[in-house]
Amino acid sequence: MQLEKIYEPGRFEPRWAQWWVESGIYHAKHEPGKPVFSLVIPPPNVTGVLHMGHMLEHTEIDVTVRWHRMRGDCVLWLPGMDHAGIATQMVVARQLAEQGINFRDLGREKFEETVWKWKAESGGMIMRQMVQLGASCDWSRERFTLDAGLSRAVRETFVRLYEKGLIYRGEYMVNWCPGCKTAISDLESQHEETAGHLWHIRYKVVGSDRYLVVATTRPETLLGDSAVAINANDERYLDLHGGKVHLPLMDREIPIILDDLADPEFGTGVVKITPAHDLNDFEAGKRHNLPRLQVIDTNAQIMPSGGKYAGLDRMAARKRVVEDLQALGLLDRVENYVVNLSKCQRCKTIVEPLISKQWFVSTKSLAAKAIAAVDEKRIEIVPEAWVKTWNEWMHNIRDWCISRQLWWGHRIPAWYCDACDEVVVSRTDPTSCLQCAGPLRQDADVLDTWFSSGLWPFSTLGWPDQTEDLKHFYPTSLLITGFDILFFWVARMAMLGIECMGEVPFRQVYIHGLVRDADKQKMSKTKGNVVDPLVETEKNGTDAVRMALLTGAAPGTDIVFTSERVESSRSFANKIWNAARFLFMNMERCGVDPWMAADVNTYLPAADAPVEDRWIFSRLNECAKEMNRAIETFRYHEAAQCVWRFFWHEFCDWYVELKKLRFVEGSGLNDDWRNLLAVFESALRLLHPVMPFLTEELWHRLGAADNASISLTSYPQFDPARFDSAAEREIGILQEIVTAARNLRADLGLDPKQPLEGLISGNADILAVAAGQSVAIQRLAGLTVQAGETPKTGAVRSTAEFTLAINVPAGQMEAQRRRLEKEREQLEKNIVSSRRQLSDDVFLGKAPAKVVDSIRAKLADYEVQLAKINESLAG
RNA sequence: GGGCGCGUAGCUCAGUUGGUUAGAGCGCCUGCUUCACACGCAGGAGGCCCGGGGUUCGAGUCCCUGCGCGCCCACCA
């Protein structure tokens with residue numbers, strides 16, 4: 001029954017982690033009549049390894065989920081992973097390359113097999129790590145975006161949207177990543193300001209000696225120019241409209257056109273138009289019906305259409321073009337210029353805008369519904385500040401390019417007939433062309449990974465089948481995720497959920513902050529400042545890391561992760577451990593067996609029980625009130641701090657200390673023990689969502705059945721009737737007397753072991769407590785105190801309600817004098833400000849009576865205290 | 001170019017709807033091996049709440065402005 005002397009979480013955390021999974025206690029059941037709380041995990045990449053961001057997210061989810069479960073809700077936390085198209089393909093292709101194999105040589109089928117094999121062997125690291133960390137999810141419902149069921153959902157969605165005209169195929173300018181060799185979406189191309197140049201190039205006007213000087217950041221695209229544009233209001237060049245310029249290096253003549261794209265204020269006011277390699281130019285080209293001359297290919301190399309530059313990489317070509325222009329005297333000048341480069345999110349390669357035939361989702365109408373959902377609070381976003389960002393993005397949304405030139409992913413369910421150009425989009429694989437019965441060839445591309453994760457809240461529940469799970473758990477109650485995937489994922493889920501299900505995918509979205517290192521830096525592999533959660537949990541315990549993350553997790557703020565915070569959290573766990581150990585030691589001494597109240601929810605000490613028992617239950621009740629409110633509103637930092645304060649500074653510091661007086665050898669299980677053990681058990685339940693391992697361990701040591709779990713008990717609830725004002729008042733006075741005595745001892749520099757004798761004066765309440773709690777006061781402050789007339793001077797300590805005096809040699813008074821003088825100064829300030837307010841008629845007229853009364857009461861207190869201090873100092 | 005957030009004790013940060021003596025953890029100082037815990041106990045020092053203006057009886061909290069940071073979005077060469 002004894003607890004081990006040292007708190008070593010490593011001794012029991014793995015055991016519980018394993019048991020929570022193997023026992024299947026977190027398997028979600030359909031329980032009619034019970035409130036449902038369902039939540040799907042933001043599926044981590046199958047290639048991923050758990051980092052602190054995951055740990056924070058999973059901790060917040062786990063706290064919330066455990067809390068709901070203890071509240072008696074029917075809880076589902078569905079785990080799973082994302083196949084992560086590009087990322088996974090890259091990982092496996094790289095591994096193959098290390099063996100000297102080019103993945104393309106393998107062929108599609110063989111490559112896909114290789115990826116599946118890789119997944120089986122080394123994918124899904126994160127799921128195993130989550131088990132270690134005790135995530136209380138329902139592993140029987142684990143899903144993967146490429147599962148057969150989810151793939152069917154993807155296909156169903158694609159076909160449906162296609163049939164509604166919301167998915168279309170077309171030739172447009174897309175972001176092309178020459179590194180990944182695929183089109184990517186706008187979101188996947190990230191802007192980065194980079195030092196570059198603005199080259200000013202002379203284009204000779206045909207039939208004239210004049211030159212038009214054109215400014216460009218990409219001289220190599222000159223090879224594909226179709227025109228130069230001037231502004232219709234720009235009188236400098238108006239006379240040239242309708243003419244032509246000679247395109248340098250290419251020996252072509254191109255027209256001079258009028259277009260608003262040319263800004264008279266920028267550069268020279270003349271802009272070159274390259275419809276095939278720039279989005280603006282593409283649009284301008286459409287307006288003026290200009291030829292789209294592609295000169296850069298999908299490898300970012302110059303094509304034969306680029307003349308003598310063919311075969312050069314775009315950067316090499318740039319260098320050569322500039323050199324050649326210079327040699328020809330056509331380089332007017334070069335300015336330094338900050339360019340906004342688009343780079344591939346995945347491989348950081350500079351994105352090349354290319355015209356390409358791709359599949360798109362038409363987003364305008366979907367976005368409108370997503371905006372309305374948030375607007376009408378069918379989806380609540382917390383913190384609310386994100387709503388603005390949400391709306392901003394939704395209002396400016398552009399169609400979503402969803403086809404990817406990859407092999408790993410959901411293949412696009414579209415087939416082409418080469419004979420008659422028919423396109424077949426179908427739920428089942430067609431065998432031949434519906435028009436001409438000719439052979440069909442399936443689209444080679446796969447879908448953007450985010451297309452399948454966009455279906456996650458319902459595809460994981462069995463949709464398109466109307467499963468029991470779907471009926472029971474959709475819409476999900478809450479989504480907890482990071483802002484980095486607000487658009488990639490949350491926005492897409494909202495749009496696709498509303499479209500496919502006719503109902504939002506989640507009622508609430510809580511956006512958590514970023515985990516940063518001790519220097520407030522983002523954790524990143526390249527910076528080398530990542531803290532591995534598993535290393536950290538091994539060192540200090542999972543509970544300590546959870547607590548450390550939660551204490552800093554205020555809504556709307558980033559979380560600074562420091563080892564100091566983990567260490568102090570471990571200290572907290574250690575404190576709880578030792579409090580338990582102390583209880584067990586005394587239980588043995590008193591002949592008490594492990595015991596738990598049968599009626600945990602209603603257990604209360606008797607009305608005539610010792611005041612500390614009634615007091616701690618009252619405090620527990622207040623803590624429960626705050627905990628429930630805090631977790632419900634995602635104020636995890638408050639929840640963590642609240643239970644910390646209660647357990648350490650109320651339960652341990654005061655309650656256990658007072659209880660020491662009641663341990664009677666051989667007493668057996670009496671009411672004193674029942675009260676103590678009942679409140680300890682409740683406190684464990686209160687703490688459980690935050691520190692699941694420690695609480696499960698101690699709860700079992702308290703005598704829980706082997707097959708029971710604290711996580712399946714009930715969460716302490718607030719009941720206003722449980723507030724015990726008499727007990728709060730009495731213990732409050734006791735604390736003040738004890739503190740006053742300790743202050744005197746510290747001020748006077750007295751030996752901590754020297755017993756003190758004192759007198760106390762005050763009202764009847766105070767004297768009653770001083771008399772009734774004399775043993776406790778002696779124990780906690782080493783002071784024997786009696787009621788009596790206290791001297792005005794000497795070693796006295798006063799509050800508004802009482803004066804405590806002890807007998808000491810006069811020579812030791814100096815420190816106390818300094819303290820009193822300081823207090824007097826503060827009191828005088830307070831009195832002045834209180835009096836000023838109370839003499840202000842406007843204040844009295846406008847401030848609520850409650851505020852005025854409280855100031856009056858305070859002023860009276862100040863004045864009593866000041867009088868006492870003045871008397872003391874006079875002596 | 002648009003939008004968002006932050007600036008509070010030496011450090012990292014709390015501070016829900018404005019209510020008058022601004023809190024915590026760590027660090028620091030003093031004392032303590034008090035029969036669970038030195039991962040501890042008791043006590044303490046430390047703050048023009050970034051500057052300026054305004055609203056209000058009352059502002060760390062609301063508004064404007066300046067300064068200093070950080071982030072997101074964006075097809076101007």
Side-chain angles (χ1 to χ4, degrees), chain A residues 3 5-7 173 186 191 198 214-218 221 229 260-263 266-274 278-283 337 339-340 342 353 385-386 388-389 392-393 396 398 483-484 486-487 514 518 520 540 544 548 551-552 554 556-560 562 564-565 567-586 629 633 635 637-638 641 644-645 652-653 656-657 660 739 742-743 745-747 749-753 779-782 819 826-827 829-830 833-834 837 840-848 850-852 854-855 858 862:
Chain A
L3 248 53
K5 188 167 167 58
I6 311 287
Y7 165 67
M173 182 150 281
D186 293 339
H191 302 277
L198 199 52
V214 167
T216 180
T217 55
R218 297 197 60 193
T221 61
D260 284 345
L261 187 60
D263 175 1
F266 186 90
T268 57
V270 187
V271 62
K272 62 191 221 45
I273 309 281
T274 320
D278 181 276
L279 184 57
N280 283 306
D281 295 5
F282 175 74
E283 299 295 337
Y337 189 69
V339 285
N340 212 351
S342 287
W386 289 104
K388 203 159 183 175
T389 310
E392 191 79 15
W393 188 78
N396 297 313
R398 292 166 62 200
F483 61 85
D484 50 327
L486 183 63
F487 306 137
L514 213 62
K520 295 181 71 178
N540 293 299
T551 49
T557 65
D558 286 343
I559 290 85
V560 177
T562 62
E564 289 80 19
R565 223 198 259 273
E567 278 155 23
S568 72
S569 296
R570 187 202 162 98
S571 300
F572 173 75
N574 181 63
K575 182 76 183 176
I576 305 307
W577 179 266
N578 275 290
R581 183 162 163 261
F582 181 67
L583 297 190
F584 282 108
M585 284 171 62
N586 280 287
R629 197 205 85 260
T633 52
R635 307 179 69 78
H637 66 301
E638 282 183 0
Q641 287 165 15
W644 181 306
R645 192 182 329 119
C652 291
D653 285 355
V656 171
E657 290 304 318
K660 284 179 177 172
T739 305
R742 286 171 177 170
N743 280 329
R745 193 189 284 277
D747 275 359
L750 302 179
D751 182 339
K753 284 185 288 282
R779 157 106 207 167
L780 297 176
R819 175 187 213 117
Q826 185 60 51
L827 279 169
K829 262 197 248 171
N830 295 343
S833 105
S834 300
Q837 284 183 78
D840 181 345
D841 288 339
V842 193
F843 169 73
L844 294 175
K846 294 204 174 182
K850 200 177 73 180
V851 173
V852 177
S854 82
I855 289 175
K858 276 180 191 166
Y862 297 150

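Because the structure is a prediction, the values reported are computed rather than measured. Letters A, B, ... mirror the listed sequences (proteins, then strands); counts begin at 1.
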* Could you work out the separation of rG5(B) and rC39(B) based on their P atoms and round it to a whole Å? => 43 Å
* Asked: Which part of the nucleic acid, if any, lies within reach of Asn830(A) when heavy atoms closer than 4.0 Å are counted: base, sugar-phosphate only, or nothing?
  -> base
* Asked: Atom CG of Asp558(A) to atom C1' of rG70(B): distance rounded to whole Å?
  -> 9 Å
* Asked: What interatomic distance, in whole Å, is found between C1' of rC49(B) and the corresponding atom of rA22(B)?
  -> 8 Å
* **P-based separation of rA42(B) from rC57(B) [nearest Å]** => 46 Å
* Asked: Checking all strands, does Val560(A) fall into the base, sugar-phosphate, or nothing category for heavy-atom contacts under 4.0 angstrom?
  -> sugar-phosphate
* Asked: Under 6.0 Å from the NZ atom of Lys660(A), do we count more than 12 heavy atoms belonging to anything else shown?
  -> yes
* To do: Using atom NE2 of His637(A) as one end and atom C1' of rG25(B) as the other, report the distance to the nearest whole Å.
  => 13 Å
* Asked: To the nearest angstrom, how far is Trp577(A) atom CH2 from rA36(B) atom C1'?
  -> 12 Å
* Hey, which sits more toward the 5' end of RNA chain B by its nearest nucleotide, Ala385(A) or Lys858(A)? => Ala385(A)
* Asked: Any side-chain heavy atom of Trp644(A) sitting closer than 4.5 Å to one from Ile576(A)?
  -> no
* To do: Name the closest nucleotide to the Asn743(A) side chain, picking from rG44(B), rA36(B), rC57(B).
  => rG44(B)
* Structure fact -> Between Ser569(A) and Ala548(A), the two heavy atoms sitting closest are OG-N, 3.3 Å
* Asked: Any donor-acceptor pair under 3.5 Å between the side chain of Lys575(A) and the base of rC37(B)?
  -> yes
* Asked: The side chain of Asp653(A) lies closest to which of these nucleotides: rA36(B), rC41(B), rC37(B)?
  -> rC41(B)
* Considering only the C1' atoms, how many Å lie between rG19(B) and rG15(B), rounded to the nearest integer? -> 14 Å
* To do: In whole angstrom, give me the gap between the P atoms of rU33(B) and rC37(B).
  => 15 Å
* Structure fact -> Applying the 3.5 Å cut-off to both distances, the Watson-Crick or G-U partner of rU61(B) turns out to be none
* Asked: Arg645(A) near the nucleic acid: base, sugar-phosphate alone, or nothing, with a heavy-atom cut-off under 4.0 Å?
  -> nothing
* Classify the side chain of Gln826(A) and the base of rU21(B) as holding, or not holding, a donor-acceptor pair under 3.5 Å. => no
* To do: Step through the shown structure and confirm whether more than 12 heavy atoms of other residues, nucleotides or ligands are within 6.0 Å of CG on Asp263(A).
  => yes
* **Sugar-phosphate only, base, or nothing, as touched by Pro353(A) at under 4.0 Å among non-hydrogen atoms** => nothing
* Asked: Considering only the P atoms, how many Å lie between rC50(B) and rG10(B), rounded to the nearest integer?
  -> 13 Å
* Asked: Just by distance, do the side chain of Asp278(A) and the backbone of Thr274(A) share a donor-acceptor pair under 3.5 Å?
  -> no
* To do: Scan nucleotides 71-77 of chain B nucleotide by nucleotide, 5' to 3', and note B when protein non-hydrogen atoms come under 4.0 Å of the base, S if they reach only the sugar-phosphate, - if neither.
  => ---BBBB
* Between Phe487(A) and Trp393(A), how do the two ring planes meet: parallel, tilted or perpendicular, split at 30° and 60°? -> parallel
* Rounded distance in Å - NZ (Lys5(A)) to P (rA36(B)) -> 8 Å
* To do: Have a look at Arg570(A) and say if it touches a base, only the backbone sugar-phosphate, or nothing, with a 4.0 Å heavy-atom cut-off.
  => base
* Asked: In terms of side-chain heavy atoms of Arg635(A), which of rU16(B), rA36(B), rU20(B) is nearest?
  -> rU16(B)
* **Nearest-Å distance for atom pair CG/P, residues Leu3(A) and rA36(B)** => 14 Å
* So what does Lys829(A) hit on the nucleic acid, given a heavy-atom distance under 4.0 Å: a base, only sugar-phosphate, or nothing? -> nothing
* For rC37(B), does either OP1 or OP2 sit under 4.0 Å from a side-chain N or O belonging to Tyr7(A)? -> no
* Exercise: identify the closest heavy-atom pair between Thr551(A) and His637(A) -> O-CB, 3.3 Å
* To do: Might you point out which heavy atoms bring Gly552(A) and Ile559(A) nearest each other, and give the distance in Å?
  => O-CG1, 3.6 Å
* Partner nucleotide, any strand, of rG5(B) [Watson-Crick/G-U, under 3.5 Å] -> rC69(B)
* Nucleotide of rC32(B), rA36(B), rG43(B) approaching Lys660(A) most closely (side-chain heavy atoms) -> rA36(B)
* To do: Starting at atom CG of Asp747(A), determine the distance to atom C1' of rG31(B), rounded to an integer number of angstrom.
  => 13 Å
* Structure fact -> note: Asp751(A), atom CG; rU34(B), atom C1'; distance rounded to Å ~ 11 Å
* Give one of base, sugar-phosphate or nothing for Ser568(A), where a contact means two heavy atoms less than 4.0 Å apart. => sugar-phosphate
* Structure fact -> Between Ile855(A) and Gln837(A), the two heavy atoms sitting closest are CD1-OE1, 3.5 Å
* Pick base, sugar-phosphate or nothing for Gln837(A), based on heavy-atom distances below 4.0 Å to the nucleic acid. => base
* Asked: Watson-Crick or G-U wobble partner for rC39(B), using a 3.5 Å limit on both distances?
  -> none
* To do: Could you measure between the two P atoms, the one in rC4(B) and the one in rC62(B), and give it in whole Å?
  => 15 Å
* What nucleotide, of rC26(B), rA36(B), rA14(B), holds the atom closest to the side chain of Thr557(A)? -> rA14(B)
* Asked: Rounding to a whole Å, what distance do you find between Phe582(A):CZ and rC37(B):C1'?
  -> 10 Å
* Asp558(A) and Leu514(A): which non-hydrogen atoms are nearest, and at how many Å? -> OD1-N, 3.0 Å
* To do: When you get a sec, tell me which of rC32(B), rU12(B), rG43(B) is the closest nucleotide to the side chain of Pro752(A)?
  => rC32(B)
* To do: Describe the nucleic acid contact of Thr551(A) in one word from base, sugar-phosphate, nothing, applying a heavy-atom distance below 4.0 Å.
  => nothing
* Which part of the nucleic acid, if any, lies within reach of Lys850(A) when heavy atoms closer than 4.0 Å are counted: base, sugar-phosphate only, or nothing? -> nothing
* Pairwise C1' distance, rA14(B) and rC26(B) [rounded to whole Å] -> 14 Å
* Asked: Which comes earlier along RNA chain B counting from the 5' end, the contact point of Lys753(A) or that of Glu638(A), where each point is its nearest nucleotide?
  -> Glu638(A)
* Structure fact -> Between Glu657(A) and Asp653(A) the two heavy atoms that sit nearest each other are CG-O, 3.1 Å
